[in-house]
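Report on the following structure.
A quick note: this is a predicted structure, and the numbers were derived from the prediction, not measured. First the proteins, then the strands, lettered A, B, ... as listed; each starts at 1.
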Number of protein chains: 2
Amino acid sequence: MLPDIEPVNRESTAAIIARQLREAIMTGALPPGAQLGEAELAARFQVSRGPLREAMQRLVSEGLLRSERHRGLFVIDLEPGDVYDVYAARAAIERAAAIRIMRGDTERAVTELTEALDAMVVAAGESDQNALPEADLRFHEALVEASGSRRLVRMARTLLIETRMCLAALQRTDPGTEDRVAEHTAIIEAMKAGDERRVLELLDAHMEDAITRLAPGSSLHSGPPPSVPADGVDIAG
Amino acid sequence: MLPDIEPVNRESTAAIIARQLREAIMTGALPPGAQLGEAELAARFQVSRGPLREAMQRLVSEGLLRSERHRGLFVIDLEPGDVYDVYAARAAIERAAAIRIMRGDTERAVTELTEALDAMVVAAGESDQNALPEADLRFHEALVEASGSRRLVRMARTLLIETRMCLAALQRTDPGTEDRVAEHTAIIEAMKAGDERRVLELLDAHMEDAITRLAPGSSLHSGPPPSVPADGVDIAG
DNA sequence: TACGTGAGGATTGTTGACAATCCTAGTAAA
DNA sequence: TTTACTAGGATTGTCAACAATCCTCACGTA
């Protein structure tokens with residue numbers, strides 16, 4: 001009946017623009033280090049620079065943009081330690097989400113995670129090389145959302161964007177398609193069994209696998225990689 | 001010699017204002033639910049509404065402010081589940097920080113944490129009722145900072161502000177002064193001993209203690225409290 | 001060649017004004 | 001008494017113009 005009326009409680013212009021900017025960073029349309037020219041972007045969004053600047057300030061506080069006074073706003077560029085940092089933070093957040101799932105509405109979470117897993121299997125069969133990693137991350141997103149924690153969701157959103165930035169910068173060759181599906185499946189199974197300890201073990205191993213695949217030198221278990229105080233290095237290459 | 005020149009690389013106006021707004025929320029000068037009138041605040045900061053709005057958008061993306069279109073920006077008000085949510089998220093972040101400390105520069109962390117602990121002992125002797133809880137939170141802040149993770153630090157900063165909001169709303173009677181000092185001491189000792197497992201156990205118990213003290217019904221171990229879908233309830237009482 | 005200097009243009013930072021929406025009384029009718 | 005309606009004022013959303021800073025590049029000098 002009600003054709004979901006739109007202007008009711010419409011979100012702020014800054015929120016809409018911020019979402020699109022995140023999308024652009026995520027997809028690589030705005031690559032690391034890129035400057036966000038205000039005039040050009042404002043024209044593209046068909047707003048004045050005011051609302052655009054408000055939106056950009058949101059991304060600054062999320063750590064996706066870096067601000068240089070009188071110079072402009074830039075997409076952060078990932079330095080060597082950032083891959084480890086992102087994955088370690090994700091491991092913490094997703095662990096907390098898993099704990100809340102096991103101590104909360106586990107059944108509902110299993111349903112939603114199974115859906116995400118199915119989507120992953122479908123994506124594995126598609127020709128689009130990007131479909132599987134994307135479905136993979138959506139599974140992790142679903143995991144955190146199923147926790148029901150507003151704060152975990154907020155933090156995970158940013159971390160997942162940064163994960164996509166890492167993947168793009170490192171040009172993941174993407175081995176082990178089967179592995180990841182299997183690991184996700186095992187996690188869901190352990191949830192069904194109500195075995196919290198095993199869920200956490202599997203999740204930890206899964207995150208460890210992920211960072212090992214991505215940055216062969218790093219490991220969540222052996223600690224952060226030695227800080228390389230080189231100047232102006234990024235992870236591309 | 002160089003009297004730390006200031007205008008070099010001065011941070012943006014939005015960043016400065018945002019920090020002061022966080023401070024005001026933290027101290028309760030801007031209590032939960034309060035509206036942030038743009039005209040009044042802009043006059044107080046002696047800037048126009050533009051930079052002020054940019055600063056406020058930062059706090060929106062941090063979850064400290066909530067935006068209602070054409071109505072204004074308000075400090076979030078804490079609902080019953082939020083106390084649990086904040087402490088569960090903090091437990092996750094601080095656990096990750098502890099792990100990184102144990103697998104990184106443990107010695108340096110112990111030094112800094114010992115300083116924070118000493119400050120706590122001093123604060124315990126002061127007449128200011130607020131000194132001890134403040135020193136307590138600074139210890140936890142130091143813990144996360146010692147992890148060296150930019151992302152953990154960013155997330156913890158917001159969570160610690162929300163913790164202060166919870167404390168203020170619940171008017172903590174603040175029992176167990178000795179307990180908390182002892183628990184922090186034990187954590188540092190375990191760090192010195194290089195016993196990661198014990199550090200994590202102690203930290204978990206410490207966070208569990210904290211939430212039990214604050215919201216007797218809640219527990220990090222038994223899961224989130226049942227959601228009370230009442231309308232417009234906050235935790236003050 | 002290397003380096004300092006100084007227009008000129010382009011970009012960011014800030015402001016005040018205007019448009020759109022919301023809140024509040026006050027009035028009138030059922 | 002309650003409800004509906006309507007100015008009027010106050011607040012937020014948006015914009016275009018101005019000020020301040022930065023970048024570029026040509027020019028001149030050692």
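Rounded to an integer number of Å, the gap from CG of B:Leu52 to C1' of C:dT15 is 13 Å.
For A:Ala131, the side chain to side chain contact (heavy atoms under 4.5 Å, CB included) partners at least two apart in sequence or on another chain are A:Ala123, A:Glu126, A:Asp128. When the side chain to side chain contact (heavy atoms under 4.5 Å, CB included) test is applied to B:Ala43, no partner is found at least two apart in sequence or on another chain. Partners of B:Asp118 according to the side chain to side chain contact (heavy atoms under 4.5 Å, CB included) rule, which considers only residues two or more places apart in sequence or in another chain, are B:Thr114. With sequence neighbours excluded, the residues forming a salt bridge (charged side-chain N to carboxylate O under 4.0 Å, His left out) with B:Arg100 are A:Asp85, listed by chain and number. Residues satisfying the ring pair (Phe, Tyr, Trp, His ring centres under 6.0 Å) test with B:Tyr84, not counting sequence neighbours, are none. In terms of the salt bridge (charged side-chain N to carboxylate O under 4.0 Å, His left out) criterion, residue partners of B:Arg53 (sequence neighbours excluded) are, by chain and number, A:Glu54, B:Glu38. With sequence neighbours left out, the side chain to side chain contact (heavy atoms under 4.5 Å, CB included) criterion links A:Glu145 to A:Glu141, A:Val153.
Put simply, the side chain of A:Glu94 never gets that close to the backbone of A:Ala156: no donor and acceptor are under 3.5 Å apart.
Chain B approaches DNA chain D within less than 4.0 angstrom (heavy atoms of the protein), and the contacting nucleotides run 5' to 3' from D:dT12 to D:dT14.
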Protein-nucleotides 6-8 of chain C N/O pairs under 3.5 Å:
none

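A:Thr13 comes within 4.0 angstrom of the backbone, heavy atoms only, and of no base. Across all strands shown, B:Gly50 has heavy atoms under 4.0 Å from base atoms, whether or not it also approaches the sugar-phosphate.
Contacts of residues 58-77 of chain A with DNA chain D (heavy atom under 4.0 Å): A:His70, A:Arg71. If you check residues 32-49 of chain A against DNA chain C, the residues with a heavy atom closer than 4.0 Å are A:Gln35, A:Leu36, A:Gly37, A:Glu38, A:Arg49, listed by number.
Open room surrounds CZ on A:Arg108; 12 or fewer heavy atoms of other groups in view lie less than 6.0 Å from it.
You'll find the side chain of B:Glu162 stays beyond 4.5 Å of the side chain of B:Glu62, heavy atoms only.
Taking the charged nitrogens against the carboxylate oxygens, A:Arg19 and A:Glu23 have no contact shorter than 4.0 Å, which rules out a salt bridge.
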What pairs of donor and acceptor atoms, side-chain ones from residues 63-70 of chain B against any protein atom, are under 3.5 angstrom apart with sequence neighbours left out?
{"from": "B:Arg66", "atom 1": "NH1", "to": "B:Glu68", "atom 2": "OE2", "distance (Å)": "2.5"}

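Separating the CD1 atom in A:Ile93 from the CG atom in B:Leu152 is a distance of 8.0 Å, to the nearest 0.5 Å.
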